[in-house]
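Each chain gets a letter, A, B and so on, in the order its sequence line appears, and its residues count up from 1.
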There are 2 protein chains.
Amino acid sequence: MLLSTKGDYGVRAIIDLAKHEGEGPVQRAEIARRRQIPEAYLDHLLAQLRRDGFIRSTRGPAGGHQLAKPADEICLLHLLESLEGSLAPMQCLENDDPEDEAICGQGWVWQEIYDDMRAKLAATSLSDLASHEREHERERATAARYVI
Amino acid sequence: MLLSTKGDYGVRAIIDLAKHEGEGPVQRAEIARRRQIPEAYLDHLLAQLRRDGFIRSTRGPAGGHQLAKPADEICLLHLLESLEGSLAPMQCLENDDPEDEAICGQGWVWQEIYDDMRAKLAATSLSDLASHEREHERERATAARYVI
DNA sequence: GTATTGTCGACCTTTCCGGTCAACATCGTA
DNA sequence: TACGATGTTGACCGGAAAGGTCGACAATAC
Ligand code: FES
Ligand code: FES
């Protein structure tokens with residue numbers, strides 16, 4: 001039932017880009033360090049995000065990666081479907097084969113769960129994620145002050 | 001993101017038992033045939049369900065498997081957690097390691113989705129599944145009549 | 001032209017899924 | 001009590017996919 005690391009890593013990476021929106025390209029090495037992703041592996045994830053038009057990349061010195069559209073126009077659902085392929089928890093939910101129902105009898109439960117999940121992912125934009133993370137950082141910072 | 005076949009097959013099997021509640025033991029071969037599960041593989045799933053007290057098995061001629069408690073006291077959540085282990089879509093949701101949040105920043109979304117999913121699964125009992133399937137059969141039967 | 005960055009595809013290793021098999025335990029029945 | 005039907009268990013196995021690495025190449029800034 002686990003999401004593969006592609007989804008997790010890929011979203012981490014693009015959150016990083018969202019947090020540096022408007023500051024020019026961010027380099028692969030930087031993302032990899034901050035987000036704890038193997039650099040060589042990150043290549044593939046960025047490539048996928050580029051193919052689907054979420055990011056733009058520039059080569060050469062001072063090159064890097066940046067969002068191709070505003071962070072609030074990118075939702076988590078599209079991101080994950082780009083990175084992971086389908087998110088369906090059961091195969092039968094995609095190739096709607098009606099004869100399965102007689103054999104299995106639980107498809108309807110999963111269909112509901114799947115719909116709820118997709119709705120929630122579609123309602124979460126990249127800017128939501130970024131601002132949520134900023135807020136979390138602020139909380140940690142004030143907490144640290146108290147300790148000091 | 002897919003559930004493994006263990007969960008699907010295992011639930012199929014116990015739905016079958018629920019539909020024959022009170023009719024004595026149901027044999028492995030019968031379940032396997034009706035639910036399209038490899039017989040030898042089904043063994044392992046039944047073993048797991050037995051270990052966790054969902055079913056009782058009797059050996060010898062006229063033996064077989066049956067529910068160990070009423071169908072409406074068995075919920076889909078417990079069944080699936082028995083068969084699949086954890087259902088968490090991300091590893092970090094179990095070993096609540098607070099330092100992940102700074103690196104990843106999407107854990108909260110998945111936590112919400114996970115909670116919703118568990119709630120829905122916990123609210124669905126085995127008797128819900130069985131009656132849902134019976135209803136579906138009835139619909140198909142009347143539909144078939146119209147065709148004839 | 002050289003250093004710096006990204007781009008792409010081949011490759012490799014490990015894990016796990018889905019499944020089989022053989023040996024054994026238990027029970028009903030003749 | 002012997003036999004056959006059934007369930008019980010753990011070892012085993014092939015293939016696919018996950019997760020990751022590497023090397024050759026392309027573009028750009030200076
Ligand atoms: S075959 Fe679709 S949920 Fe089982
Ligand atoms: S590490 Fe938990 S969602 Fe990414």
Could you spell out the base pairing of DNA chain C in dot-bracket, with Watson-Crick or G-U pairs whose two distances are under 3.5 Å, [ ] crossing and | to another strand? ||||||||||||||||||||||||||||||
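- The aromatic rings of A:Trp108 and B:His132 sit parallel, their planes meeting at an angle under 30°, below the 60° perpendicular limit.
- When distances run from any side-chain atom of A:Pro38 to the nucleotides D:dG7, C:dT5, D:dT21, the shortest one goes to D:dT21.
- The nearest whole Å value for the distance from the CZ atom in B:Arg51 to the C1' atom in D:dG7 is 14 Å.
- Here the straight-line distance linking atom OG1 of B:Thr5 with atom CG of B:Leu83 works out to 10.0 Å at 0.5 Å rounding.
- Between B:Leu42 atom CG and D:dT6 atom P the separation is 15 Å, expressed in whole Å.
- The pair A:Arg35-A:Glu133 meets the salt-bridge criterion, with a side-chain N (NZ, NE, NH1 or NH2) lying under 4.0 Å from an Asp/Glu carboxylate O.
- The listed nucleotides are C:dA3, C:dG19, C:dT7; the one nearest the side chain of A:Pro61 is C:dA3.
- Two residues, A:Leu3 and A:Asp43, neighbour DNA chain D, and the one matched to the more 5' nucleotide by heavy-atom proximity is A:Leu3.
- By the neighbour-count criterion of 12 heavy atoms within 6.0 Å, atom NE2 of A:His78 is sparsely surrounded, having that number or fewer from other residues, nucleotides or ligands.
- Atom pair B:Gln66:CD and D:dG7:C1' shows a separation of 13 Å (rounding to whole Å applied).
- The distance between atom CZ of A:Arg50 and atom P of C:dT7, rounded to the nearest whole Å, is 3 Å.
- Side-chain atoms of A:Ser127 and A:Asp72 form no donor-acceptor pair, as typed in the model, at a separation below 3.5 Å.
- Not a single donor-acceptor pair, N or O on each side, falls under 3.5 Å between the base of C:dT7 and the side chain of A:His44.
- Hydrophobic cluster membership differs between A:Ile103 and B:Leu2, with clusters built from Ile, Leu, Val, Met, Phe, Trp and Tyr side chains linked at under 4.5 angstrom.
- Atom CD in A:Glu39 sits roughly 12 Å away from atom P in D:dC22 (whole-Å rounding).
- Of the N and O atoms on the side chains of A:Ser86 and A:Glu81, not one donor lies less than 3.5 Å from an acceptor on the other residue.
- When the nucleotides C:dT5, D:dG7, D:dG20 are ranked by their closest atom to the side chain of A:Tyr41, D:dG20 comes out on top.
- Within the structure, a side-chain polar atom (N or O) of B:Arg28 is placed less than 4.0 Å from OP1 or OP2 of D:dG7.
- Taken residue by residue, residues 4-13 of chain B places heavy atoms nearer than 4.0 Å to DNA chain C at B:Ser4, B:Thr5, B:Tyr9.
- Between A:Lys19 and A:Ala130, the shortest heavy-atom contact is CG-CB, 4.0 Å.
- Donor-acceptor pairing under 3.5 Å is lacking for the side chains of A:Asp8 and B:Gln91.
- Atom CG in A:Leu46 sits roughly 11 Å away from atom P in C:dC8 (whole-Å rounding).
- Here A:Leu17 contributes atom CG and A:Leu46 contributes atom CG; the two are 7.0 Å apart, rounded to the nearest 0.5 Å.
- To the nearest angstrom, C1' of D:dT8 lies 14 Å from CG of B:Leu45.
- For the pair A:Ala47 and A:Ala62, nearest-nucleotide mapping onto DNA chain C gives the more 5' position to A:Ala62.
- Between A:Ser57 and C:dT7 there is a side-chain polar atom (N or O) within less than 4.0 angstrom of OP1 or OP2.
- Atoms CD (A:Gln36) and C1' (D:dG20) sit 16 Å apart, rounded to a whole Å.
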